[in-house]
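Since the model is a prediction, treat every value here as computed from it, not as a measurement.
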Amino acid sequence: MMHRVANWLVWRQNAISWRSVHSPWLFSMLQTMRSPFLREATIEEARKELHADRNAIDSLDLGAGSQWPSGTVADIARSALKRPRHAQAIAGLCKHLGTNQALELGTCLGLTTAYISKNASAVTTIEGNPALEKRARLVWKQLNITNIKSLTGNFDDVIPTLNSQQYDVIFIDGNHRGAALKRYIDLLFPQLSEYGVIICDDIHWSADMEQAWEELISEQRWTLKVDFYEWGLLTANPRLAPEFHCIRF
C-alpha cells in the first residue's frame with residue numbers, strides 16, 4: 001500500500017491536466033471520453049443489481065488479483081468492476097476511433113464489455129472463469145446486447161485460436177502480472193489495426209506491473225503513450241508524433 005501511495009504522488013507531480021494537451025488528435029479523443037452522453041442508464045441499473053446479488057461464484061486463480069474474499073457476485077462487483085467514469089471513458093475511446101472490432105481480455109461481470117459494445121460494431125471478450133462468463137452473459141441478455149462474442153479459457157490458450165481479425169481496440173484487464181501483460185501485447189500486436197490502441201489496465205497495481213509498463217513505453221514501436229494512472233494507452237498510429245504523457249483525467 002505504501003508503495004502505491006508513493007507512486008501515485010510521483011505520478012501526480014508529473015501529470016498534466018487533459019486541457020493542457022496540445023495534440024489535436026489526443027485532445028479530441030479526451031473530449032469524447034469525457035462526454036456525459038456516454039452514460040448508459042440500463043447498464044448502470046444492471047450495475048446496481050450486481051451490487052445487490054448475493055449469489056456465490058466459485059473463485060478461480062488465473063493471475064494476480066484474480067481472487068476475491070467471499071465469492072459473491074456483489075463482492076466481485078464492488079472490488080473488480082471498472083468505475084462508471086472509467087468504463088464510459090473506454091467507451092468514448094471506442095467511439096472516437098470509430099471502432100469496428102474490439103477485443104477484451106478479462107470479462108469479469110461484463111459491464112465494461114457492455115459499454116464497449118455500444119460503441120463498437122463487434123466485441124470479442126475472453127474470461128478465464130466460466131462462472132463469471134456465465135453471469136456476464138445473463139447481463140448482456142438482460143440488456144438485449146447481441147454483438148458480443150464470449151470465449152472462456154486461459155488467455156495464453158485462447159489468444160492463439162483467434163482468427164486474423166484486426167482489432168481497433170484491445171483492452172487488457174486480467175492476470176495483472178507484468179510478464180503476462182508484455183506477453184499478451186506481443187501476441188496481439190500483429191492483430192492491432194494500423195490506427196488501433198491497446199489499453200492496459202492497472203499499470204500501477206504492483207511494482208511488477210509498473211516495471212512492465214516502464215519497459216513497454218520505452219519500446220520504439222509505440223508513438224503515443226499515455227499514463228492515466230489507473231490504466232495506460234499505447235498506439236503505433238503512424239500519423240502521430242512520438243509522445244508520452246501522464247494525464248489527469
**Asked** With the 4.5 Å side-chain cut-off for hydrophobic clustering, are L38 and I145 part of the same group?
**Response** no
**Item:** Residue pair T152, E127: steps toward the side chain to side chain donor-acceptor pair (under 3.5 Å) verdict
**Value:** CA-CA 5 Å; T152 308; E127 172 54 49; over 6 Å; no
**Prompt:** With a 3.5 Å cut-off and no angle check, do the side chains of Y115 and Q88 form a donor-acceptor pair?
**Reply:** yes
**Message:** For residues 121-157, which residue pairs pass the ring pair (Phe, Tyr, Trp, His ring centres under 6.0 Å) check, not counting sequence neighbours?
**Reply:** F155-Y184
**Request:** Please name all residues satisfying side-chain hydrogen bond (donor to acceptor under 3.5 Å, both in side chains) with H86, sequence neighbours left out, ordered by chain then number.
**Result:** R83, E230, W231
**Asked** Is T112 close to D173 at the side-chain level, that is, under 4.5 Å between some pair of heavy atoms?
**Response** no
**Request:** Have a look at L26 and tell me which of V21, T235, L240 forms a side chain to side chain contact (heavy atoms under 4.5 Å, CB included) with it.
**Result:** V21
**Prompt:** Distance from I126 atom CD1 to T161 atom OG1, nearest 0.5 Å?
**Reply:** 7.0 Å
**Request:** Could you tell me how the ring of F249 sits relative to the ring of F228: parallel (under 30°), tilted (30 to 60°) or perpendicular (over 60°)?
**Result:** perpendicular
**Prompt:** Tell me the ring pair (Phe, Tyr, Trp, His ring centres under 6.0 Å) pairs involving residues 12-44, sequence neighbours left out?
**Reply:** W18-F27, W25-H96
**Prompt:** NZ of K95: more than 12 outside heavy atoms within 6.0 angstrom?
**Reply:** no
**Request:** Begin from the C-alpha positions of K149 and V123 and carry the test side chain to side chain contact (heavy atoms under 4.5 Å, CB included) through to its verdict.
**Result:** CA-CA 6 Å; K149 178 182 179 181; V123 185; over 6 Å; no
**Prompt:** Are I16 and M33 in one and the same hydrophobic cluster, where Ile, Leu, Val, Met, Phe, Trp and Tyr link if side-chain heavy atoms are under 4.5 Å apart?
**Reply:** yes
**Asked** Would H51 and E49 count as having a side-chain donor-acceptor pair, cut-off 3.5 Å?
**Response** no
**Prompt:** Which value, rounded to the nearest 0.5 Å, describes the distance between L105 atom CG and N175 atom CG?
**Reply:** 9.5 Å
**Asked** Does S35 use its side chain to pair, donor to acceptor, with the backbone of T32 at less than 3.5 Å?
**Response** no
**Message:** Could you report the tightest heavy-atom contact between N147 and A120, atom names first, then the distance?
**Reply:** ND2-O, 3.1 Å
**Prompt:** Residues in side-chain contact (heavy atoms from CB on, under 4.5 Å) with A179, at least two apart?
**Reply:** none
**Which residues share a salt bridge (charged side-chain N to carboxylate O under 4.0 Å, His left out) with E44, sequence neighbours left out** = R47
**Request:** Can you measure from CG (L187) to NZ (K182) and round to the nearest 0.5 angstrom?
**Result:** 13.0 Å
**Request:** For residues S206 and M209, determine if any side-chain heavy atom of one lies less than 4.5 Å from a side-chain heavy atom of the other.
**Result:** yes
**Request:** Please name all residues satisfying salt bridge (charged side-chain N to carboxylate O under 4.0 Å, His left out) with D157, sequence neighbours left out, ordered by chain then number.
**Result:** none
**Message:** Using the side-chain hydrogen bond (donor to acceptor under 3.5 Å, both in side chains) criterion, which residues pair with N55? Sequence neighbours excluded.
**Reply:** D53
**Request:** Look at atom CZ of R239 and say whether more than 12 heavy atoms of other residues, nucleotides or ligands are closer to it than 6.0 Å.
**Result:** no
**Request:** Could you tell me which non-hydrogen atom of D168 sits nearest to which non-hydrogen atom of L97, and how far apart they are?
**Result:** O-CD1, 3.8 Å
**Prompt:** If we only count heavy atoms from C-beta on, is the P190 to L192 side-chain gap below 4.5 Å?
**Reply:** no
**T99 vs N119 side-chain heavy atoms within contact, under 4.5 Å** = no
**Prompt:** What distance separates I185 CD1 from R183 CZ, expressed to the nearest 0.5 Å?
**Reply:** 11.5 Å
**Message:** For K118, give me all partners under salt bridge (charged side-chain N to carboxylate O under 4.0 Å, His left out), at least two apart in sequence or on another chain.
**Reply:** none
**Prompt:** Which pairs, with at least one residue in residues 9-24 and sequence neighbours excluded, count as a salt bridge (charged side-chain N to carboxylate O under 4.0 Å, His left out)?
**Reply:** none
**Item:** Any residue meeting side-chain contact (heavy atoms from CB on, under 4.5 Å) with A122, in chain and number order, not counting sequence neighbours
**Value:** Q101
**Asked** Can we say D227 and R248 salt-bridge, meaning some charged N sits less than 4.0 Å from an Asp/Glu carboxylate O?
**Response** no
**Request:** Grab the two heavy atoms, one from L111 and one from A46, that are nearest each other, plus how far apart they are.
**Result:** CD2-CB, 4.2 Å
**Item:** With K225 via salt bridge (charged side-chain N to carboxylate O under 4.0 Å, His left out) - residues at least two apart
**Value:** none
**Prompt:** Rounded to the nearest 0.5 Å, how far does CG of N14 lie from CD1 of I247?
**Reply:** 13.0 Å
**Request:** Return the minimal non-hydrogen interatomic distance between A212 and L181, and the atom names on each side.
**Result:** CB-CD2, 4.5 Å
**Prompt:** Is there a donor in the side chain of T107 and an acceptor in the side chain of T125, or the other way round, less than 3.5 Å apart?
**Reply:** yes
**Prompt:** Which value, rounded to the nearest 0.5 Å, describes the distance between R137 atom CZ and T113 atom OG1?
**Reply:** 12.5 Å
**Prompt:** Does the pair D208/R177 count as a salt bridge with the N-to-O cut at 4.0 Å?
**Reply:** no
**Message:** Using the rule that Ile, Leu, Val, Met, Phe, Trp and Tyr join whenever any side-chain heavy atoms are under 4.5 Å apart, tell me whether L188 and L234 fall into a single cluster.
**Reply:** yes
**Item:** Side chain proximity check, H204 to W8, heavy atoms < 4.5 angstrom
**Value:** no
**Asked** Do L50 and L138 sit in the same hydrophobic cluster, where Ile, Leu, Val, Met, Phe, Trp and Tyr count as joined when their side-chain heavy atoms come under 4.5 Å apart?
**Response** no
**Prompt:** So, for W222 and L216, which heavy atoms are closest and what is the spacing to 0.1 Å?
**Reply:** CD1-O, 3.1 Å
**Request:** Could I get the full list of side-chain hydrogen bond (donor to acceptor under 3.5 Å, both in side chains) partners for N144, not counting sequence neighbours?
**Result:** none
**Message:** Test side chain to side chain donor-acceptor pair (under 3.5 Å) on T223 and N237; report intermediate values, then the result.
**Reply:** CA-CA 6 Å; T223 48; N237 186 335; 5.9 Å; no
**Asked** Can you tell me if Q191 uses its side chain to pair, donor with acceptor, with the backbone of N163 under 3.5 Å?
**Response** yes
**Request:** State, yes or no, whether a side-chain contact exists between I76 and L81 at a heavy-atom distance under 4.5 Å.
**Result:** no
**Message:** Side chains of W213 and E210 only: does a donor on one sit below 3.5 Å from an acceptor on the other?
**Reply:** no
**Request:** May I ask you to test the D201-I172 pair for a side-chain heavy-atom distance under 4.5 Å?
**Result:** no
**Asked** So do the side chains of I170 and I199 get within less than 4.5 Å of each other, counting heavy atoms only?
**Response** no
**Fill in**
Heavy-atom nearest pair, L103 first then Y167, reads CB-CD2, 3.7 Å
